[in-house]
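Read through the structure below, which is laid out as structure tokens, and then see the notes.
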Amino acid sequence: MKNESRLIVVLLGGPGSGKGTQAQIINSWLGIPQISTGQLLRSEIDRGTECGKSVRAILEAGGLVDDDTIGGLISNRIGMSDCIDGFILDGYPRDIGQAVALDRELLVSDCLVVIALSTHLDTIVRRLAGRWNCTYCGTSYASSSSAHSNTCEKCGTVLIRRTDDHEIVIRSRFATFQRETPPLADFYRKRGVYETVNGMRPPAKVAEAIAKILRNTAAATVSNAS
Ligand code: AMP
């Protein structure tokens with residue numbers, strides 16, 4: 001059975017905006033799981049499933065996977081027991097169709113907060129061109145940090161470069177993001193659940209701004225309930 005007061009944090013942002021890093025920080029504060037659709041898809045590809053085979057080329061080109069496939073993966077993941085108190089969505093929804101599909105998964109009593117991390121393309125290209133990732137826990141590293149040792153500091157897994165972290169693909173992913181996001185922002189702004197944070201600052205500063213939003217959300221939830 002679903003918990004009556006889940007906290008659902010949606011992180012919106014282009015490639016390299018720090019959604020994954022911030023999702024892990026929020027997870028460490030609140031204990032609710034990070035659900036990254038990119039990671040779910042890469043796991044399907046790594047395991048060689050039918051779904052993985054059908055989406056591989058799309059990820060490599062930086063396009064968007066169809067809403068039915070994504071909706072199915074999300075619905076299964078949200079139904080798992082660790083989501084009973086809420087979850088953090090990293091990379092979902094990406095367009096209005098997905099936002100409407102997400103609404104169907106929500107309860108009236110859920111507390112939804114949407115946080116958009118704003119970025120600029122040139123910084124993103126520089127950031128991602130040097131990024132290394134852990135395929136097991138999803139932690140990402142700038143090339144100047146732990147990538148030197150080539151293993152993840154958290155779980156010891158060998159780090160890899162993502163096949164879609166190359167300039168042409170990054171530009172294509174960013175263009176897709178810029179096309180799909182304004183309607184999504186409007187969709188959530190009208191509901192009064194949309195917040196923006198400057199994602200170009202150091203991760204700790206971005207996290208501080210997110211903490212403030214989450215504290216206000218918790219306060220609003222308590223006052224609505226009383
Ligand atoms: P990310 O890890 O969020 O950067 O996503 C990597 C890639 O996975 C994207 O460039 C898309 O090809 C695909 N992807 C991730 N999330 C979604 C989504 N919600 N809808 C469609 N495609 C997605």
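Counting convention: from 1, in listed order, for ligands and their atoms alike. What's counted below: heavy atoms across the whole structure, side chains too, no hydrogens, waters or symmetry copies.
Ion pairing of Glu167 with Arg171 is present here, as a side-chain N (NZ or NE/NH1/NH2) and a carboxylate O approach within less than 4.0 Å.
Remark: Tyr141 OH to Leu159 CG distance equals 6.0 Å, nearest 0.5 Å.
Among residue pairs with one or both ends in residues 185-194, those qualifying as side chain to side chain donor-acceptor pair (under 3.5 Å) are Asp103-Arg191, Asp186-Arg189; sequence neighbours excluded.
Around ligand 1, the residues contributing at least one heavy atom under 4.0 Å from the ligand are Thr37, Gly38, Leu41, Arg42, Leu59, Gly63, Leu64, Val65, Ile70, Gly91, Tyr92, Arg94, Gln98, Arg162, Asp164, Arg173.
Not counting sequence neighbours, Arg127 has no partner by the salt bridge (charged side-chain N to carboxylate O under 4.0 Å, His left out) test.
Leu121 shares a hydrophobic cluster with Ile124, Val125, Leu128, Ile170, Phe174; the chain of contacts runs through ILVMFWY side chains whose heavy atoms sit under 4.5 Å apart.
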- [ ] Test salt bridge (charged side-chain N to carboxylate O under 4.0 Å, His left out) on Asp164 and Arg173 and set out the steps.
- [x] CA-CA 9 Å; Asp164 58 352; Arg173 287 161 62 201; 3.7 Å; yes
